[in-house]
Structure formats: C-alpha cells, structure tokens
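Every number for a ligand or one of its atoms is a count from 1 in the order of the listing. None of the values given here were measured: they were computed from a predicted structure.
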Amino acid sequence: MPEAPQGSGVVHLVGAGPGDPSLMTRRALELIARADVIVYDRLIPDEALAGARADAELLYVGKEGGGDSVPQEHTERLLLERARAGATVVRLKGGDPFVFGRGGEEALALRAAGIRYEVVPGVTAGVAASAYAGIPVTHRGLAGAVALVTGRSRDDAPGSLDWAALAGFPGTLVFYMGVSSLPQIASGLIGAGRDAHEPAAIVEAGTLPQQRTVLGSLATIAQEAERARVRAPSITIVGAVAGLAEELAWLRGGPLAGTTVAVTRARAQASGLARRLQELGARVIQAPVIRIEPLPLQPLDPSGYDLVCVTSANAAEILYERLVAGGRDARSLAGAKLAAVGPATAEALARRGLRADVTGERAVAESLLDALADVPVTRALVARAREARDVVPDGLRARGAAVDVLELYRTVAEPLGEREREHAAAADYVTFTSSSTVRHFLSAIGSAQALSPGTRLVSIGPVTSSTLREHGLEAHVEAERHDVDGVVAALLADVAGAGTARASSGGTRT
Ligand code: SAH
C-alpha cells in the first residue's frame with residue numbers, strides 16, 4: 001500500500017439505512033456531525049444531512065429523475081482529492097455501503113491511494129423493507145437462507161443472471177434494483193423450475209411514510225406491480241416468507257401518510273417539528289432557509305430589572321448562556337418577574353431551571369403584553385432577536401416603564417441545495433414558523449411562482465401570514481396557537497378537511 005501523503009484526511013464509507021431516518025446508526029450520526037465534507041447519493045434519508053455542520057461541504061453525486069448520475073470515477077476522484085487536502089470525508093450511501101452500494105470499489109480506490117478509510121454498515125433495504133412489510137427474510141421451517149440478488153447485471157440487463165442457480169436456491173430471494181425487469185426475473189425463475197405459485201412481494205419505498213406492499217405469486221407479481229404502478233426504489237421478495245406479509249404487516253400510516261411537508265426553520269430547531277410530523281406519517285423535507293447567529297455581547301447582569309421578557313425559545317437559550325458567561329446563573333434573575341412570549345419559550349426557560357411568572361397565551365408579542373397588563377413594571381429588559389418587532393418594548397414604554405432591548409441573535413439566510421429546493425417547492429405543504437422563514441424561503445426558491453400550484457402554505461400565526469401577503473401569497477392554513485404544536489394541529493385539521501384553522505376569522509395583526 002502506498003504511503004498516505006502528509007496531512008491526509010480520512011474517508012468514512014457510511015451506510016445511511018433504507019430511508020427512515022431513525023434507522024441510521026449512532027456512528028453514522030456522529031460522523032455526519034463531524035464531517036468537513038459529505039458526499040451523498042440520492043437514496044439517503046431526507047433528514048440524513050440535518051446534523052451536518054453548518055460549514056460542511058455537501059456534495060451530491062446521485063442521479064435526479066431520469067438524469068445521469070455523476071460517473072463513479074468522478075466520485076472516487078472527489079473522495080481522494082478531499083481526503084488528500086486533509087478533510088474528514090463522509091461518503092454517505094443508502095442502506096449498507098457494501099450491499100450494491102459500490103462501497104467496495106471506493107474502498108479499493110482509497111486503499112490504492114493510501115488513504116485511511118472506515119466502513120460503517122447500514123441497515124440494508126432488502127432486510128429493512130421486508131421487515132417493515134412484515135416479511136421475515138428467514139423463518140424456521142420456511143426459509144433457512146436468504147440471497148441478496150441484483151435485478152440488474154453489469155450491462156443493465158437481467159439476462160446474465162444464473163436462473164438455474166437462483167431457481168434452485170434453498171431459501172428467500174431478495175432482488176434489488178429489479179422493478180423494470182420484474183417480468184424477466186419472474187419468467188427466468190419459473191423457466192428454470194422455481195414454483196410459479198411461490199409467494200412473492202414487492203415493497204416500494206420501504207420504511208418511508210409512503211411505503212407500499214404489493215403481494216402476489218411468482219406467476220402474477222409482475223402483472224400486479226404493473227397494475228399498482230410500482231416504482232423504484234423497490235425490492236422484490238420471492239419465497240414462502242412473502243406469504244407471511246398479510247398476517248405480520250404492522251406499519252400503520254398515520255393521519256399524514258402520503259403527505260410531504262417542507263420545514264423551513266433553522267436546522268438546529270427543525271428537528272422537533274420534523275419529528276412530530278414524521279410520527280404522524282408525513283414525509284418531511286428539511287429545507288432550512290435560516291440560521292440563528294448569536295450576536296457578540298458582553299456578559300449579562302440582569303440585576304436592576306423588575307421585569308425580564310423573553311420573546312423566543314432561542315432568546316431563552318442564549319440569554320442563559322450570557323448569564324453563565326458572566327459567571328452567573330438562574331439566581332441572578334431572582335429579583336425580576338420573568339415573562340415568556342408563549343408556551344414554547346416558557347419550556348425553553350424551564351429547561352434551564354427558570355419558571356416564567358407570566359406566559360403569553362398565543363406566542364405573539366400582543367398576547368404577551370395582554371398577559372403583562374396587571375404586572376407592575378418600572379425597568380424592563382426585553383431579550384429578543386435583532387429583527388423582532390418593537391411591540392413589547394413600545395407597549396411597556398407606553399405604560400411608563402424604562403425599557404432596555406437586548407438583541408441576542410440575528411437570523412441569517414442559509415443557502416438551500418438544489419435537491420432541497422426542488423423537493424420543498426413541490427411539497428404538499430410548506431410550513432413557515434416566522435416571517436424570516438417566509439422571506440428567505442422565497443428568495444431561496446427564486447420567487448413565489450416556483451412553488452407548485454398545489455402546495456399549501458402553513459403559517460404559524462398572523463404576523464407570518466402578513467409577511468406572506470406582502471409577497472403576494474395567502475396562507476392556506478394559519479395556526480391557532482403560534483408554536484410547533486399549533487402548526488401541527490392546524491396541518492392535521494387541514495389534511496382532515498376540517499377547515500383551514502382561522503384562515504378567515506382574522507387574527508391579531510400589526
Ligand atoms: N446499498 C443499498 C442498496 C443500493 S442499490 C442498500 O444496502 O440498501 C439501490 C436499490 O436498493 C434500489 O433499486 C432498491 O432495490 C433498493 N432500495 C433502496 N432503498 C429502498 C427502499 N427504501 N425500499 C425498497 N427498496 C430500496
């Protein structure tokens with residue numbers, strides 16, 4: 001093996017699992033969070049890159065639609081170049097990197113170049129999609145072996161498969177990449193003597209919210225797939241175990257099954273909303289168009305205020321960091337009443353041991369002022385984002401209080417990748433959790449016209465809705481409660497056809 005050049009980096013060949021992001025391994029998540037460079041394919045979970053560093057270089061090398069993928073040599077060259085430059089590279093692949101993932105070829109190239117590499121196995125689609133469809137690939141008495149088979153040979157035709165050997169295989173056959181050649185696979189196997197009545201199943205988009213299973217026998221499965229318009233990615237399972245699917249299928253589509261929802265909020269904050277939507281069965285497109293950037297500030301001494309207002313969950317977190325940076329802790333707020341703009345901010349405070357004395361009901365500045373109506377105040381501190389509205393400070397000043405505004409962070413644009421942009425613009429729903437997500441999303445996709453006509457826009461509240469309106473767009477759905485729970489509830493109601501929460505009743509507006 002040649003000597004690795006000075007300063008050489010490392011390449012991790014990482015399996016990202018079959019699609020459900022919760023099937024990614026802990027090691028995969030760790031490496032993604034650390035990587036300087038992530039080189040990824042098409043069939044990785046949408047959420048796989050969510051934990052990447054903000055400054056990581058993300059390089060897409062898969063194919064889109066019917067287009068060409070980046071040639072393998074180019075991908076390998078990219079890995080070598082980045083590693084030689086000293087980078088920690090994650091080469092992220094769907095499923096397992098060594099199961100039809102060309103991970104072996106990449107490892108050989110790295111080895112030849114003397115570059116250090118690590119292989120992180122992933123949950124492979126053939127096993128995972130089967131499991132999610134209720135098909136155990138081995139089963140005592142039914143299948144004592146399982147073969148993972150490519151439905152495609154090197155020259156892109158299934159003609160060169162050894163049908164006799166496959167027909168005689170004493171166990172389950174799991175075909176990858178075989179949707180378009182299903183008729184040839186079935187007839188090849190039957191022609192070589194495999195029982196035409198043997199159960200067969202196709203699992204499309206296994207482990208994803210839009211997973212579908214089509215059942216049949218070896219004789220009928222190609223026709224059934226055609227009728228159901230099965231598309232890639234799908235695996236085909238041939239064997240007695242496929243007959244267990246009817247009895248063992250367990251996956252229940254939630255109320256949002258089959259619905260794609262784009263989440264535009266900052267990556268660091270998106271996971272709560274994304275997770276909730278996924279649990280309800282939605283397919284979530286992460287399209288973080290903003291990033292929270294703490295502003296450089298002196299350590300904070302909050303003594304001397306009789307009211308401290310915190311107007312976002314981010315402000316709660318950063319406020320606390322500032323206290324700690326000055327060698328203080330929660331006790332330094334003991335003399336002041338603490339007010340949170342809404343329940344999510346109150347929760348963020350509570351996580352730091354701070355109980356809000358006053359919480360706005362609907363998480364808008366106006367509702368916080370209402371909640372503060374009976375609280376006497378002479379000197380107030382308002383901890384907030386740079387771009388926050390002046391409703392709270394103005395309202396308190398109008399009541400005769402001296403108010404200091406503490407700008408803790410600002411919201412900056414985060415560029416979207418091409419794939420995120422396309423997927424988000426075509427989603428069934430796009431969620432907007434602040435005015436800045438509206439502005440930055442529209443500038444990321446180019447214009448409001450780039451949105452697909454069927455896309456419904458979900459707004460967290462009246463302020464965000466009016467920002468949409470300024471851009472010529474109308475929110476189809478507006479949350480009643482202006483936080484993540486409210487957004488999820490409004491979306492559920494819309495999907496259920498229960499009306500567009502408050503869309504017509506007119507909320508508080510400034
Ligand atoms: N390395 C991957 C396989 C890559 S080959 C793995 O270990 O899973 C790509 C093929 O994998 C697809 O054509 C399809 O047959 C299968 N596949 C990948 N993801 C899938 C999914 N979510 N559901 C069904 N099949 C899938």
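Using cut-offs of 30° and 60° on the angle between ring planes, the pair Trp250 and Tyr132 is perpendicular.
The heavy atom nearest to atom 18 (C) of ligand 1, out of those in Gly126, Ala125, Ala133, is found in Ala125.
Looking at Val99 and Leu148, their side chains come closer than 4.5 Å, going by heavy atoms from C-beta outward. With contacts defined as side-chain heavy-atom distances shorter than 4.5 Å, the pair Thr213/Ile202 does not qualify. Side-chain contact between Val261 and Asp428: absent, with no pair of heavy atoms (C-beta onward) separated by less than 4.5 Å. Side-chain contact between Gln278 and Pro21: present, with at least one pair of heavy atoms (C-beta onward) separated by less than 4.5 Å.
Residue-level proximity to ligand 1 for Ala232 is absent, since no heavy atom of it falls below 4.0 angstrom. Counting heavy atoms closer than 4.0 Å to ligand 1, residue Ser234 contributes backbone atoms (N, CA, C, O) but none from C-beta onward.
At the shortest separation from atom 11 (O) of ligand 1 among protein heavy atoms lies Tyr176 CD2, 3.4 Å. If you check which protein heavy atom lies closest to atom 2 (C) of ligand 1, you get Gly94 O, 3.2 Å. Scanning all protein heavy atoms for the shortest distance to atom 5 (S) of ligand 1 gives Phe100 O, 3.5 Å. Among all protein heavy atoms, the one lying closest to atom 1 (N) of ligand 1 is Val99 O, 2.7 Å. For atom 10 (C) of ligand 1, the nearest protein heavy atom (residue, atom name, distance) is Met177 CG, 3.7 Å. Counting protein heavy atoms only, atom 23 (N) of ligand 1 is closest to Gly206 N, 2.8 Å.
Close approach of ligand 1 to Thr124 (heavy-atom distance below 4.0 Å) involves ligand atoms 6 (C), 7 (O), 8 (O). Per-residue contacts place Gly95 under 4.0 angstrom from the following atoms of ligand 1 (heavy atoms of the residue considered): 2 (C), 6 (C), 7 (O), 8 (O). Against a heavy-atom cut-off of under 4.0 Å, Ala205 is close to the following atoms of ligand 1: 22 (N), 23 (N).
Using a 4.0 Å heavy-atom cutoff, Gly19 is absent from the residues neighbouring ligand 1. At least one heavy atom of Val203 lies less than 4.0 angstrom from ligand 1.
Between Arg194 and Glu198 a salt bridge is recorded (basic side-chain N to carboxylate O distance below 4.0 Å). Salt-bridge check for Arg276 with Asp485: passed, with a basic side-chain N closer than 4.0 Å to an acidic carboxylate O. Under a 4.0 Å N-O distance rule, the pair Glu204/Arg231 does not qualify as a salt bridge. Taking a cutoff of 4.0 Å between a charged side-chain nitrogen and a carboxylate oxygen, Glu81 and Arg84 do not qualify as a salt bridge. A salt bridge is absent between Glu422 and Arg419; no separation between the charged side-chain nitrogens and carboxylate oxygens falls under 4.0 Å.
By the 3.5 Å distance cut-off applied to N or O atoms, Glu204 is not counted among the residues near ligand 1.
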